[in-house]
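Written out below as structure tokens is the structure these notes cover.
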Amino acid sequence: MGSELKDLNSKPAKTQQPDPNDDDASAKDDRPLLKSTASSAAEDIQELEKKFAAFVRNDVYGSLGCGKLPLKEKLLLGIALVTLLPLRLLLVMSILVLYYLICKIFTLCSAPNLEEEQEDYAHLGGCRRAVILQSGRYLSRLLLFMVGFYWINETHKDSANTQDNSKTESTKQSEERVRPGAIVSNHLSYLDVLYHMSSSFPSFVAKKSVSKLPLVGLIGKCLGCVFVQRESKSSDFKGVAGIVTDRVRNAHQNELAPMMLLFPEGTTTNGDFLLPFKTGAFLAGAPVMPVILRYSYRRFSPAWESISGVRHVVFLLCQFVNNLEVTRLPIYHPSQQEKDNPKLYANNVRKLMAAEGDLIVSDIGLAEKRIYLAALNGLLGQS
């Protein structure tokens, strides 16, 4: 991947070089050269977008959210910046603080679970767990409403259309009663987590630094998140994979255990593609529930792709209406062959989700995304 980045950054500009023996070369105006350089940068960006199409922003704000906006969009953005943005920020912070206080009150005098170098309150039971769970689901949906997701279009696919029809009716009914060990979803934005919290309140994998954040840290612990050091190259990775596998297996067998939410792509896309799946969600061999998310838009895409976090939040809150479409597939029950081969299991679920969600299967991943962003920043910085 390093060689690809080197090739992209070292690609010569498509400009006509002056002949050193030409006496008139020094007298020529350099403006055509500048124009040619800008043209070459635009061509390079187009080439990058073809190669890394899964990470390209296709909304009016363009790459990195720095595109040239039409006059109408500038006016709408300006009005929203002084009216909608401050109001929504106030509402979002109020909801966040309210839920933090609920979590704080109902975890008082309770020791966190410190097993496996994790720290969470997912083990709480009784009314305390019920209040944390139900209020979390309600406030997550309220928060989505406050930022413009006034309605969410959910579609539940019939098992007859997605699974083997040769199964008997009794077998299908028996499988429908089985609790999945994990929810597997495509990943487009941090908003994905809010939707899943409002729907099923699962635990998920998060960066270890999240556990130290004000407000959000305690909420993550109440969710039962698995906190990891993602950039670590130590042997901790096996430990994290083992924790996730145990959590998935436990959720499948114990109705009181929080279900795991896993994004097997390992990074976000623009919503039109499905990247290769990692096997973490499938190592336990437990059934999973595939969920497909898609954000439809006219102006700004809620997909958090190729744009800074602050810029994305500002543009999102300045958009009056945001839309989310959800397709929930039937619980996927692995065959014995898939249980023995997690990679096969992951690939089969991926194929199913791509077919049902009309998504384009792509072979690139996080490493290529980093190459694209580095090259894109370099090209736009020069233009």
Side-chain angles (χ1 to χ4, degrees), residues 53-59 137 140-141 144 148-164 175-176 178-205 248 251 259-282 286-297 301-305 316 322-334 338 344-366 369:
F55 310 126
V56 176
R57 294 195 68 83
N58 297 311
D59 59 10
R137 293 182 63 177
S140 296
R141 183 63 189 95
L144 284 172
F149 292 93
Y150 304 120
W151 55 86
I152 296 176
N153 183 19
E154 292 191 354
T155 302
H156 294 258
K157 290 282 187 175
D158 190 281
S159 59
N161 297 327
T162 56
Q163 296 284 353
D164 187 0
E175 288 185 347
E176 288 174 357
V178 173
R179 189 173 193 253
I183 299 168
V184 292
S185 172
N186 61 325
H187 197 14
L188 291 80
S189 173
Y190 51 84
L191 297 165
D192 304 347
V193 174
L194 279 177
Y195 165 73
H196 286 292
M197 284 180 63
S198 69
S199 175
S200 52
F201 204 76
S203 59
F204 55 92
V205 177
V248 171
M259 200 179 302
M260 284 294 298
L261 166 65
L262 294 164
F263 300 108
E265 293 171 286
T267 188
T268 56
T269 69
N270 58 17
D272 297 326
F273 293 79
L274 201 61
L275 307 182
F277 278 10
K278 300 180 184 300
T279 58
F282 310 96
V288 297
M289 177 181 289
V291 177
I292 305 164
L293 307 180
R294 186 185 293 274
Y295 297 95
S296 57
Y297 61 92
S301 170
W304 186 21
E305 195 52 68
L316 177 77
N322 292 295
N323 298 296
L324 172 60
E325 299 171 4
V326 182
T327 302
R328 304 179 73 87
L329 302 183
I331 297 172
Y332 189 104
H333 297 267
E338 289 171 326
L344 174 66
Y345 186 6
N347 288 338
N348 288 344
V349 173
R350 181 190 181 215
K351 290 177 183 177
L352 175 66
M353 291 177 66
E356 295 295 329
D358 195 23
L359 301 173
I360 302 170
V361 174
S362 174
D363 292 330
I364 61 178
L366 180 58
K369 180 178 184 176

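Note that the structure is a prediction, hence the values are computed from the model and not measured. Worth knowing before you read on, the calculation uses all heavy atoms, side chains too, and leaves out hydrogens, waters and symmetry mates.
You'll find the side chain of Leu316 reaches within 4.5 Å of the side chain of Leu191, heavy atoms only. Between Val205 and Met260, some side-chain heavy-atom pair lies under the 4.5 Å cut-off. Using a 4.5 Å heavy-atom threshold, the side chains of Tyr332 and Phe282 count as separate.
The CG atom of Leu188 sits 8.5 Å away from the CD atom of Glu305 when rounded to the nearest 0.5 Å. Rounded to the nearest 0.5 angstrom, Phe201 CZ and His196 NE2 are separated by 14.0 Å. The distance from atom CZ of Arg141 to atom OG of Ser199, rounded to the nearest 0.5 Å, is 11.0 Å. Going from atom OH of Tyr297 over to atom CG of Leu324 covers 14.5 Å, rounded to the nearest 0.5 Å. Annotation: the span from Ile152 atom CD1 to Ser198 atom OG amounts to 5.5 Å, rounded to 0.5 Å. Of the inter-residue distances, the one linking Ser301 atom OG with Asn322 atom CG reads 9.5 Å to the nearest 0.5 angstrom.
With sequence neighbours excluded, no residue forms a salt bridge (Lys or Arg N to Asp or Glu O under 4.0 Å) with Lys278. With sequence neighbours excluded, the residues that form a side chain to side chain contact (heavy atoms under 4.5 Å, CB included) with Met353 are Val184, Leu274, Phe277, Pro290, Ile292, Leu329, Val349.
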- Query: So Ser185 and Leu293, side chain to side chain contact (heavy atoms under 4.5 Å, CB included) or not? Walk me through it.
  - Reply: CA-CA 7 Å; Ser185 172; Leu293 307 180; 3.8 Å; yes
- Test side chain to side chain contact (heavy atoms under 4.5 Å, CB included) applied to Phe273 and Ile364, step by step: CA-CA 10 Å; Phe273 293 79; Ile364 61 178; over 6 Å; no
- Go through the steps to decide whether Met197 and Leu261 satisfy the test side chain to side chain contact (heavy atoms under 4.5 Å, CB included), and finish with yes or no. CA-CA 9 Å; Met197 284 180 63; Leu261 166 65; over 6 Å; no
- Task: Evaluate the side chain to side chain contact (heavy atoms under 4.5 Å, CB included) criterion for residues Leu275 and Phe55: first the C-alpha distance (whole Å), next the side-chain angles of each, then the deciding distance (0.1 Å), finally the verdict.
- Result: CA-CA 11 Å; Leu275 307 182; Phe55 310 126; 3.9 Å; yes
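Judged purely by atom type and a 3.5 angstrom limit, Arg179 has no side-chain atom pairing as donor or acceptor with the backbone of Pro287. Asp192 contributes a side-chain N or O that, together with a main-chain N or O of Ser189, makes up a donor-acceptor pair within less than 3.5 Å. For the pair Tyr345 (side chain) and Ala286 (backbone), a donor-acceptor distance under 3.5 Å is present. At distances below 3.5 Å, at least one donor-acceptor pair connects side-chain atoms of Asn270 with backbone N or O atoms of Ala53. For Arg350 (side chain) and Val361 (main-chain N/O), no donor-acceptor pair under 3.5 Å exists by modelled atom type. At least one donor-acceptor pair closer than 3.5 Å links the side chain of Thr268 to the backbone N or O of Trp304. Side-chain atoms of Arg328 never come within 3.5 Å of backbone atoms of Met289 as a donor-acceptor pair (strictly under, hydrogens ignored).
Nearest heavy-atom pair, Lys157 versus Thr327, reported as atom, atom and distance to 0.1 Å: CG-CG2, 3.7 Å. Nearest approach of Glu154 to Tyr195, heavy atoms of both residues: OE2-OH, 2.7 Å. Minimum interatomic distance between Ser296 and Glu325 (heavy atoms only, all atoms of both residues): OG-OE2, 3.7 Å. Nearest heavy-atom pair, Ala251 versus Gly181, reported as atom, atom and distance to 0.1 Å: CB-O, 3.6 Å. Shown here for Ala182 and Val248, the closest heavy-atom pair between the two residues is CB-CG2, 4.1 Å. Pairing each heavy atom of Arg294 with each of Asp358, the nearest pair is NH2-O, 3.6 Å.
Taking the six-membered ring for Trp and the full ring otherwise, Phe263 and Phe204 have centroids separated by 6.0 Å or more.
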